[in-house]
Amino acid sequence: MNPAKPGETRRSPWIVGVSGASGTPYAAAVLRALLAAGESVDLVVSRASRLTLLDETKIAFRDAHWRDDLWEWLSRGADGKPDTFSVDLGAVRYWAAGDLAAGPSSGSYPSKGMLIVPASTASVAGVALGLSKDLLQRAASVTLKERRPLVVAVRETPLNGQTLRHLVALDDAGATVLPASPAFYAGATHIQDLVDFVAGRVLDAAGVPHTLYRRWEGELGGGSRADD
C-alpha cells in the first residue's frame, strides 16, 4: 500500500469477514451500515460462505466479479427482494480468502478492527486456536494481537461445550462475542427489522453510529408505537 501523501488521511478500514454460517443478511446489513456511516471496508468472504450465500440468495460470489456480485447482494433486502437498497461500493476493498499475503494479514496494515458476521463455529475455533488457515482467520488473529476491536457474531444453536470453550477463549483474548440473537422490544414488523437489530448491535460493539433499530428508552410498549 502506498503511504499517504502530505495532507491526505491514511485509509483505516474496518475488516469484515463473512464465514460459512447461515445469516448472510446480517453481513449485508452490517456492510451497508458501515458504508452509510462513511467507514471504509476491507471485505473477506470465506470459501464456505460462498456456498451459504448461493443457497440463501442464489448469488454466486466470484473473485473476478466481486464488485458486481457484492452490489447485487447488498442491494437486496433480507426477504430477497432486489433493488431494495441503494449502495455505493467506492469505499470497499476486497481480498480473496486464500490470499495470505493480503494487507489484513499483517499487523502493520492499518485498520480500526474486525467484524466477523456471521461467525461459524469453524471460524470461531480457528481464531480461538490461532490456526490462520485462511485470510479471515489470519486477519482475526492479527486483530487480537494488535489489541484492536474484534466482534464475533456467532450464529449457531445449540452450542456444544467445545464451542463454548472457544468463545470463552476469544472473550479472554479481548474479543466481543455477540450471538446473532434478535430482540423484539424494538417493534419489529418485518424480517429486515430483526436482521437490522443484530447488525446494529454489532456496530454498537464496534462504536460505529447508526440508526438501524429503535433503542430501549425505559418505557414498556415504546417499541410498538407508530412513529409520529
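Numbers here are sequence positions counted from 1.
Formation of a donor-acceptor pair under 3.5 Å by the Ser49 side chain with backbone atoms of Val18 is found in this model. Of the possible donor and acceptor atoms, one in the side chain of His210 sits under 3.5 Å from a partner among the backbone N and O of Gly200. In this structure, the side chain of Ser123 does not engage the main chain of Ala119 through any donor-acceptor pair within 3.5 Å. At distances below 3.5 Å, not a single donor-acceptor pair connects side-chain atoms of Thr163 with backbone N or O atoms of Thr121. Judged by distance alone, with hydrogens and angles left aside, the side-chain atoms of Ser105 form no donor-acceptor pair with the main-chain N or O of Arg138 at under 3.5 Å. Thr24 places no side-chain N or O within 3.5 Å of a backbone atom of Leu53 that could act as its donor or acceptor partner.
Between Val152 and Leu178 there is no side-chain heavy-atom pair separated by less than 4.5 Å. Looking only at side-chain heavy atoms (C-beta outward), Leu34 and Leu115 come within less than 4.5 Å of each other. Looking only at side-chain heavy atoms (C-beta outward), Asp99 and Val44 stay at 4.5 Å or farther from each other. Residues Asp134 and Arg47 have side chains not in contact (no heavy-atom distance under 4.5 Å, counting atoms from C-beta outward). Between Asp171 and Thr176, the closest side-chain pair of non-hydrogen atoms is not below 4.5 Å. Taking 4.5 Å as the limit, every side-chain heavy atom of Met114 sits out of range of all side-chain heavy atoms of Trp14. For the pair Arg148/Ser111, a side-chain contact is recorded, criterion being any heavy-atom separation below 4.5 Å from C-beta on. Val16 has its side chain out of reach of Asp42: every pair of non-hydrogen atoms, C-beta onward, lies at least 4.5 Å apart.
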Ser40 and Arg93: CA distance, side-chain angles, deciding distance, side chain to side chain contact (heavy atoms under 4.5 Å, CB included) verdict = CA-CA 8 Å; Ser40 295; Arg93 185 171 186 180; over 6 Å; no

Audit row: Val168, Val177, side chain to side chain contact (heavy atoms under 4.5 Å, CB included) steps and yes/no:
CA-CA 8 Å; Val168 170; Val177 175; over 6 Å; no

Practice prompt. List the steps, then state whether side chain to side chain contact (heavy atoms under 4.5 Å, CB included) holds for Ile116 with Leu150.
Written response: CA-CA 8 Å; Ile116 305 179; Leu150 174 64; 4.2 Å; yes

Next item on the list: Could you check Glu56 against Ser22 for side chain to side chain donor-acceptor pair (under 3.5 Å), going step by step and ending with a plain yes or no?
Entry: CA-CA 8 Å; Glu56 294 183 347; Ser22 177; 2.5 Å; yes

Check: Please walk me through it: do Thr84 and Ser75 pass side chain to side chain contact (heavy atoms under 4.5 Å, CB included)?
Finding: CA-CA 6 Å; Thr84 300; Ser75 65; over 6 Å; no

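Linking ILVMFWY residues whenever their side-chain heavy atoms come closer than 4.5 Å, directly or via other members, places Leu170 and Leu164 in the same cluster. Taken together through direct or relayed side-chain contacts under 4.5 Å among Ile, Leu, Val, Met, Phe, Trp and Tyr, Val45 and Val142 form parts of separate hydrophobic clusters. In this structure, Leu194 is not a member of the same hydrophobic cluster as Val117, with clusters built from ILVMFWY side-chain heavy atoms closer than 4.5 Å. Under a hydrophobic-cluster definition in which Ile, Leu, Val, Met, Phe, Trp and Tyr are linked whenever side-chain heavy atoms come within less than 4.5 Å, directly or via other members, Val208 and Leu31 are assigned to the same cluster.
Taking CH2 of Trp71 as the reference point, atom CG of Asp68 lies at 9.5 Å (rounded to 0.5 Å). Rounding to the nearest 0.5 Å gives a distance of 9.0 Å between CZ of Arg50 and CG of Asp69. A distance of 9.0 Å separates CZ of Arg215 from CZ of Phe197, quoted to the nearest 0.5 Å. For the atom pair CD of Glu146 and OH of Tyr109, the computed distance is 14.0 Å after rounding to the nearest 0.5 Å. Atom CD1 of Ile59 sits about 4.0 Å away from atom CZ of Arg76, to the nearest 0.5 Å. Rounding to the nearest 0.5 Å gives a distance of 12.0 Å between CH2 of Trp73 and CH2 of Trp66.
Within 6.0 Å of the NZ atom in Lys145, the count of heavy atoms belonging to other residues, nucleotides or ligands exceeds 12. In this structure, Arg67 places its CZ atom where more than 12 heavy-atom neighbours from other residues, nucleotides or ligands lie under 6.0 Å away.
Partners of Gln192 by side-chain hydrogen bond (donor to acceptor under 3.5 Å, both in side chains), not counting sequence neighbours, listed by chain and number: Asp196. Residues satisfying the side-chain hydrogen bond (donor to acceptor under 3.5 Å, both in side chains) test with Ser86, not counting sequence neighbours, are none.
Ion pairing between a basic and an acidic side chain is recognised when a charged N comes within 4.0 Å of a carboxylate O; Asp88 and Arg32 show no such pairing.
Of the candidates Ile15, Leu35, Val30, Leu35 is the only one forming a side chain to side chain contact (heavy atoms under 4.5 Å, CB included) with Val41.
Shortest non-hydrogen contact noted between Ala21 and Pro118 is O-CG, 3.4 Å. For the residue pair Ala33 and Leu203, the shortest heavy atom distance occurs at CB-CD1, 3.2 Å. For Ala199 against Ala29, the heavy-atom pair with the smallest separation is CB-CB, 3.6 Å. Here the shortest heavy-atom pairing between Pro25 and Ala78 reads CB-CB, 4.2 Å. The nearest pair of heavy atoms linking Ala97 to Ser46 is CB-CA, 4.0 Å. Heavy atoms only, all atoms of each residue included: Pro149 and Thr143 are closest at O-CG2, 3.2 Å.
The distance between the ring centers of Phe61 and Tyr94 falls below 6.0 angstrom.
Side-chain contact check for Asp55 and Thr52: no donor-acceptor pair (N or O, by modelled atom type) lies under 3.5 Å. Of the N and O atoms on the side chains of Ser132 and Gln137, not one donor lies less than 3.5 Å from an acceptor on the other residue.
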